[in-house]
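Contents: one structure, followed by commentary.
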Amino acid sequence: MTGRENGHGAQQPHRASHPQDHKGRDGAKRDVFEYALLRVVPRIERGEQINAGVVVYCQAQSYVTARVHLDENRLLALDPAADVAGVRAALHAVEGVCAGGERAGQAACDDAGRRFRWLIAPRSTVVQPGPVHTGLTADAERESERLLDLLVR
């Protein structure tokens with residue numbers, strides 16, 4: 001027999017797994033998550049950038065967060081006249097939108113998914129989101145710290 005035959009030569013339909021069916025080697029349940037880097041592009045016309053944060057969203061865990069780390073020396077190496085305070089304020093604003101509540105402004109009433117989608121929408125500003133990537137995780141909060149260490153610091 002080949003594939004998933006039922007003994008009479010007929011193929012049985014393959015059941016698609018659901019995100020909640022993902023298990024790691026240790027047997028722990030893994031959920032799909034999405035993330036995007038936050039990039040600082042101090043001079044748009046030059047296109048040079050540094051990674052300064054990551055936004056992580058996990059629908060199954062109703063989780064969205066931004067973790068930021070601004071390396072001021074690297075930023076000033078790209079542009080000695082960069083508005084460090086302005087960049088820092090923009091990064092903290094992203095954190096506020098993720099946190100929800102009063103800090104989120106107009107997005108305060110939106111669910112985690114809508115806040116994430118709003119934050120990752122392409123924009124031509126000094127702080128820009130990168131492309132969205134996906135993965136599997138048992139702990140979205142720990143994943144956000146891991147990605148910050150791996151991709152930003």
Problem - Where Ile120 and Ala36 come nearest, the two heavy atoms and their spacing - result: CG2-CB, 3.8 Å

Problem - Asn51, Val55, Val132 screened by side-chain contact (heavy atoms from CB on, under 4.5 Å) with Leu37, the one that passes - result: Asn51

Fill in the blank from the handout: Of Tyr63, Phe116, Phe33, the one forming a ring-ring contact (aromatic ring centres under 6.0 Å, His included) with Tyr57 is Phe116

Completion exercise
So the salt bridge (charged side-chain N to carboxylate O under 4.0 Å, His left out) pairs with at least one residue in residues 42-53 (sequence neighbours excluded) are Arg43-Glu45, Arg46-Glu48

Practice task
Is it possible for you to say whether Val40 and Leu38 belong to one hydrophobic cluster, with membership spreading through side-chain heavy-atom contacts below 4.5 Å?
Solution key: yes

Exercise for the section: Start with the C-alpha gap between Val68 and Val94, add the side-chain angles, then the distance that decides, and say whether side-chain contact (heavy atoms from CB on, under 4.5 Å) holds. Expected result: CA-CA 9 Å; Val68 300; Val94 172; 5.7 Å; no

Problem - Of all pairs that satisfy ring pair (Phe, Tyr, Trp, His ring centres under 6.0 Å), the ones with a partner from residues 133-153, not counting sequence neighbours - result: Tyr35-His133

Problem - Which atom of Ala140 lies closest to which atom of Cys58, heavy atoms considered - result: CB-CB, 3.9 Å

Exercise for the section: Compare every heavy atom of Lys29 with every heavy atom of Asp31, then report the nearest pair and how far apart it is. Expected result: OD1-NZ, 3.0 Å

Exercise for the section: Find out whether Leu75 and Leu70 are in side-chain contact, i.e. whether some heavy atom of one side chain is under 4.5 Å from a heavy atom of the other. Expected result: yes

Problem - All side chain to side chain donor-acceptor pair (under 3.5 Å) counterparts of Gln49, not counting sequence neighbours - result: none

In residues 144-153, what donor-acceptor pairs under 3.5 Å come from side-chain atoms, sequence neighbours left out?
| from | atom 1 | to | atom 2 | distance (Å) |
| --- | --- | --- | --- | --- |
| Ser144 | OG | Glu141 | O | 2.6 |
| Glu145 | OE2 | Arg67 | NE | 2.5 |
| Arg146 | NE | Glu143 | OE2 | 2.7 |
| Arg146 | NH2 | Glu143 | OE2 | 2.6 |
| Asp149 | OD1 | Arg153 | NH1 | 2.5 |

Could you give the side-chain donor-acceptor pairs of residues 76-92 under 3.5 Å, partners two or more places apart or in another chain?
| from | atom 1 | to | atom 2 | distance (Å) |
| --- | --- | --- | --- | --- |
| Asp79 | OD1 | Ala81 | N | 3.0 |
| Asp83 | OD1 | Gly86 | N | 2.9 |
| Arg88 | NH2 | Glu72 | OE2 | 2.3 |
| His92 | ND1 | Glu95 | OE1 | 2.6 |

Problem - Heavy-atom neighbours of Arg114 CZ exceed 12 at 6.0 Å - result: no

Kindly list each side-chain donor-acceptor pair under 3.5 angstrom involving residues 123-131, sequence neighbours excluded, with atom names and distances?
| from | atom 1 | to | atom 2 | distance (Å) |
| --- | --- | --- | --- | --- |
| Arg123 | NH1 | Leu119 | O | 2.8 |
| Arg123 | NH1 | Ala121 | O | 3.3 |
| Arg123 | NH2 | Trp118 | O | 3.0 |
| Thr125 | OG1 | Val127 | O | 2.6 |
| Gln128 | NE2 | Thr125 | O | 3.0 |

